[in-house]
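Report on one structure; see the data block that follows.
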Amino acid sequence: MVVSLSAAQARRIAVSAQGFGEPAPRGPVTRAHLRRLIGRIQVLQLDSVSVTVRAHYAPVFSRLGGYDRDVLDAAAWRHSARSPRLLVEYWAHEAALMAVDDWPLMRWRMREYVHGRWGTEIVRKNPKLAEDVVAAVAELGPSTAGQIEAYLEAEPRGRKGPWWDRSETKWVAEALWSSGVLTTATRVGFARHYDLSERVLPPDVLAREVDDDEAIRELALRAATALGVATEADIRDYFRLSAKQVKPALADLVDAGQLEAVEVDGWAAPAYLRAGQSVPRRDRGTALLCPFDPLIFFRPRMERLFGFHYRIEIYVPQHKRQFGYYVWPFLLDGRLVGRVDLKAERAADALHVVGAFTEPGERPVEVAAALAVELRRMADWLGLADVAVGERGDLAGALRAAVGATAPR
């Protein structure tokens with residue numbers, strides 16, 4: 001007999017599985033807290049937009065509260081005998097931080113990307129350049145593409161070709177990164193510094209081989225666990241797997257009793273639930289969510305779970321934007337009830353709410369009261385003294401009043 005879940009039950013499971021609704025840590029957030037969180041949500045997506053804060057920092061704040069971002073920086077981009085690297089960058093969704101120990105689960109993808117993910121013809125026709133880039137990195141140590149290029153006296157970076165404005169050296173370095181020959185040693189100003197993987201990752205991680213089918217099953221299980229309850233499409237998206245890979249993996253996991261097939265009211269496709277997963281009795285979880293938070297980065301699932309249509313409008317001309325440039329959905333007691341277009345304005349020492357909007361049927365005063373508290377928390381975390389609310393959106397007036405009521409006396 002197939003278990004049936006209501007839409008509300010599915011939503012509660014999904015929010016809980018992502019670590020929302022639990023008490024914030026007492027005292028400072030530590031590596032141990034970060035390790036547990038990564039074990040739960042698996043990935044922190046990277047993105048270059050920094051209008052408020054870079055995307056990989058935000059999910060930690062949303063779940064654990066204000067923390068020292070240096071804890072994450074050290075875990076991702078620094079290594080010492082006393083504090084070994086906890087995270088590594090790879091295509092583990094899009095470009096993302098994942099646990100170092102999980103690197104071997106991606107070897108099948110590294111083989112697929114032996115000539116890179118994009119611009120493969122550039123890499124194929126330049127095997128000597130690939131050898132030269134590896135030799136340059138071996139000699140230089142952690143280096144940007146520009147530093148590698150200067151060392152090789154390659155073509156100028158500004159010389160345009162058919163692949164945007166990237167030089168061939170940059171494309172080859174990215175291909176070597178995608179194939180696992182190089183990895184990210186550190187970032188400075190968000191610029192990636194490449195190094196040989198063997199100088200960055202532990203020997204036991206580099207030596208570990210995982211059968212491709214076993215790796216896919218493990219990734220599918222981790223995705224299903226992180227999502228709580230999910231369709232095949234949801235599970236595929238989490239680590240960007242194919243249907244050909246996921247279908248047999250899910251069948252094996254169901255046969256092994258690790259996943260359970262379920263039906264969710266209103267969902268057109270069957271779903272999968274981690275065996276033993278409990279159903280929370282009530283909606284919990286309040287947080288601002290960046291556009292690349294794992295709870296919401298698959299937009300069809302977001303709409304199915306929350307009835308919340310979301311489109312990131314960074315590339316939409318300003319006069320055509322409905323909500324704003326970089327919009328954060330607002331999760332209140334386990335439901336998405338509004339959204340805010342945010343910008344950290346350092347010169348004004350303020351977190352600027354460019355626009356604020358409620359979802360249909362929500363009470364603006366109630367949403368504003370809770371949202372004002374979260375905005376103050378975010379401003380404090382970002383080291384900003386104030387929260388300034390603009391004029392755009394049906395929530396702006398109520399939010400301005402609520403933010404005023406929370407101002408320090």
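If you're wondering where the values come from, they're calculated on a predicted model, not measured in any experiment. Numbering of residues begins at 1 and proceeds along the displayed sequence.
For W177 and H193, the gap between ring centers reaches or exceeds 6.0 Å. In this structure, F323 has its ring center closer than 6.0 angstrom to the ring center of F357. Taking the six-membered ring for Trp and the full ring otherwise, the centers of H93 and F297 sit less than 6.0 Å from each other.
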Inset, instruction - For side chain to side chain contact (heavy atoms under 4.5 Å, CB included), just list the numbers for L259 and L273, CA-CA rounded to whole Å, side-chain angles, deciding distance to a tenth of an Å, and then say yes or no. - result: CA-CA 6 Å; L259 293 181; L273 184 71; over 6 Å; no
Inset, instruction - Decide yes or no on salt bridge (charged side-chain N to carboxylate O under 4.0 Å, His left out) for E174 and R117, but give the supporting numbers first. - result: CA-CA 8 Å; E174 280 292 287; R117 187 176 179 184; over 6 Å; no
Inset, instruction - Run the numbers on R63 and I41 for side chain to side chain contact (heavy atoms under 4.5 Å, CB included), then give the verdict. - result: CA-CA 11 Å; R63 291 157 178 80; I41 67 174; 3.9 Å; yes
Inset, instruction - Would you sort out whether L382 and R346 count as a side chain to side chain contact (heavy atoms under 4.5 Å, CB included), showing the intermediate values? - result: CA-CA 10 Å; L382 296 177; R346 297 290 173 185; 4.1 Å; yes
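No donor-acceptor pair closer than 3.5 Å links the side chain of T358 to the backbone N or O of G338. Not one N or O on the side chain of R107 forms a donor-acceptor pair closer than 3.5 Å with the backbone of V210. Side chain of Q277 to main chain of R274: no donor-acceptor pair is present (N/O by atom type, distance under 3.5 Å, no hydrogens or angles). The backbone N or O of A75 lies less than 3.5 Å from no partner atom in the side chain of R78, so there is not a single donor-acceptor pair. Of the possible donor and acceptor atoms, one in the side chain of Y90 sits under 3.5 Å from a partner among the backbone N and O of S178.
A cation-pi contact links R69 to W381, judged by a cut-off of 6.0 Å to the six-membered ring centre and 45° from its axis. A cation-pi geometry, defined here as NZ or CZ lying under 6.0 Å from the six-membered ring centre and within 45° of its normal, holds between R339 and F308. A cation-pi arrangement is absent between R109 and W91, since the terminal nitrogen or guanidinium carbon is not both under 6.0 Å from the aromatic centre and inside a 45° cone about the axis.
With sequence neighbours excluded, no residue satisfies salt bridge (Lys or Arg N to Asp or Glu O under 4.0 Å) with R54.
Ring geometry, F292 versus Y326: the interplanar angle falls from 30° to 60°, so the pair is classed tilted.
With rounding to the nearest 0.5 Å, the separation of CD in E218 from CD in Q258 is 8.0 Å.
In summary, R284 and E22 do not engage in a salt bridge, as defined by a charged side-chain N under 4.0 Å from a carboxylate O.
Checking L351, L288, T52, V327 one by one against V340, the side-chain contact (heavy atoms from CB on, under 4.5 Å) holds for a single residue, L288.
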